[in-house]
Structure formats: structure tokens, C-alpha cells
Amino acid sequence: SNFLVIQVAGPRTAESLRTVLEDQVRPRLLAVSGISGAEIFGGGEREIRVDLDPEAVERGDVSIARVGRALDRAGQRTSAGSVVRPPHRVPVVVERPTVTALELGRAIVGGSALAPLRLESVAAVRDTWARPVRLSRLDGRPAVQMVLEREPGTNLIRVAKRAREALAQLKTVLPADLRLRIVWDESESIRRELNALGRRSALSVLAIFLVMVIAERRLRAPVVVLAS
């Protein structure tokens, strides 16, 4: 379940801020024991836009299915689980090299062995950014948020403490123009409830002690009962 929301802001584009979270912040936090996921909101994700020439498709020079298979083979990142080394959990990721629009344009999508048809011949291939689905700003500047998820059965307060320690370390290595802060921490409300419960318990014990002192008209017996 979600337990912590962090935000990074600074004099950069939302896409640049998202890249910082993806490349520097998320890998460090996913290595923290008890954190199972980290989802980023804000800023567009990098994407390669491919616009096929409709005339080439109509002529039969290229098929949409073959282009789709070429895109599926492009660079991508896949999760392969994690290795647990208490108190840390190291995520294992299988990553193919990031493909560029130029490299993808050279993919063969038709033709023959002697005259291969490359994607760039029948499509416009552009490296761009996807339209963001959520916008966030801090002091008038772009901001991007990350939501952390906790593994079931773990101690919320301990996991949040470890996450805060990791964030404190990250602040020392991130660029100075970036502002990294916690905007919501579920453990804070739990901690407040525990503190309030402790205060109520102390007041209840004190009240019982005073009632016993008044009833017994002496101090020794209530002290013995309280000490036991």
C-alpha cells in the first residue's frame, strides 16, 4: 500500500525532473528493505513516435504487424525480481540498450535480403516525450512526484524511517538546484496516534493512583500497586 509521497522540483523541465527520479532516486529507494514499488507522476515519459506512411501500407510495401514486431524488439527494461540482503533488497532489472529514433529507423520491416526495406523509408520516426497525465508545480516551477509502496506485513514506521534515511543521503548527491521533499508520510499519523495513546495511558494511570491515595489515605499501598 502507498505510504510515502516525495516531490522533486527545480528550475528544469518536468521531463528533466522525471529523469532524475527515474535514474537516481527510484533505484536507491527500491533497494530499501520493505519498499515494494515506486510510481512517478508528472512529466512526460520518453517515447519514440512512429508515423507510418498510409500510402506505403496501402501499396503493401509494409505491414503494420511487422512494424509492431520491430518496435517490440526495441530497447526496454524488464523486472526480474529482487535479491534480498538484509536490511536491503536489491532489485534485479534486465535492461536492453535504450534505442534512439535513428537506430529504430534503420530497423528492417520488409523488402528482401538484397534490398531490405528500413522503417525510415516508410515512416517518420521521431524521439519525443509523451504528454503527461498529471501536472504538479511548486512555487510556480515544474515538480514531479513519486509514490512509494510498502511490502505487505512490514512495519510502517520502520520502513518509513529507512526511506527517510535514504532520502537524506540522496539530498547530498543530487544537483544543488533541485529541491527534494516529503509531501505525505502515513507513518506520521500513526506516530501521532501512538503518542496520543501514550499520553492518555499515562493520565489514566495517574488518575487511578490519585483515587487510590484518596481512598487509602496513605501513600505506601498505592505506590506498591503502581510499582507492580
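All values reported here derive from a predicted model rather than from experimental measurement.
Across all non-hydrogen atoms, the minimal contact from L119 to L104 is CD2-O, 3.7 Å. In this structure, A56 and V122 approach most closely via the heavy-atom pair CB-CG1, 3.9 Å. When all heavy atoms of A160 and D185 are compared, the closest pair comes out as CB-OD1, 3.9 Å. R18 and G42 get closest at one heavy-atom pair: NH1-O, 2.9 Å. The nearest pair of heavy atoms linking N2 to E186 is O-OE1, 3.3 Å. Nearest heavy-atom pair, R26 versus A38, reported as atom, atom and distance to 0.1 Å: NH1-O, 3.1 Å.
Annotation: salt bridge (Lys or Arg N to Asp or Glu O under 4.0 Å) contacts involving residues 114-126, sequence neighbours excluded, comprise D51-R126.
Residues I108 and L117 fall into different hydrophobic clusters, defined by Ile, Leu, Val, Met, Phe, Trp and Tyr side chains chained together at heavy-atom separations under 4.5 Å.
Side-chain contact, R28 with Q169: a donor N or O sits under 3.5 Å from an acceptor N or O.
Here E165 contributes atom CD and L170 contributes atom CG; the two are 12.0 Å apart, rounded to the nearest 0.5 Å. To the nearest 0.5 Å, the span separating CZ on R69 from CD1 on I64 amounts to 12.0 Å. Atom CE in M146 sits 12.5 Å away from atom CD1 in I182 (nearest 0.5 Å). If you take CZ on F41 and CG on L21, they are separated by 12.0 Å, rounding to the nearest 0.5 Å. The distance from the CG atom of L180 to the CD atom of Q24 is 10.5 Å, given to the nearest 0.5 Å. In this structure, CD in E151 is found 11.0 Å from OG in S1, a value given to the nearest 0.5 Å.
F3 is listed as a side-chain neighbour of V159, based on a closest heavy-atom distance under 4.5 Å. Residues V20 and L174 form a side-chain contact, since some pair of their non-hydrogen atoms from C-beta on lies under 4.5 Å apart. At a threshold of 4.5 Å between non-hydrogen side-chain atoms, the residues V144 and Q7 do not count as touching. Side-chain contact check for V67 versus L52: some heavy-atom pair is nearer than 4.5 Å. Two residues are said to be in side-chain contact when any heavy atoms from C-beta on lie closer than 4.5 Å; L156 and R150 meet this criterion. A heavy-atom distance below 4.5 Å is not found between the side chains of L30 and P27. Residues L4 and L167 meet the side-chain proximity criterion, which asks for heavy atoms closer than 4.5 Å.
Judged purely by atom type and a 3.5 angstrom limit, R181 has no side-chain atom pairing as donor or acceptor with the backbone of I6.
Counting non-hydrogen atoms of other residues, nucleotides and ligands closer than 6.0 Å to NZ of K161 gives a total of 12 or fewer.
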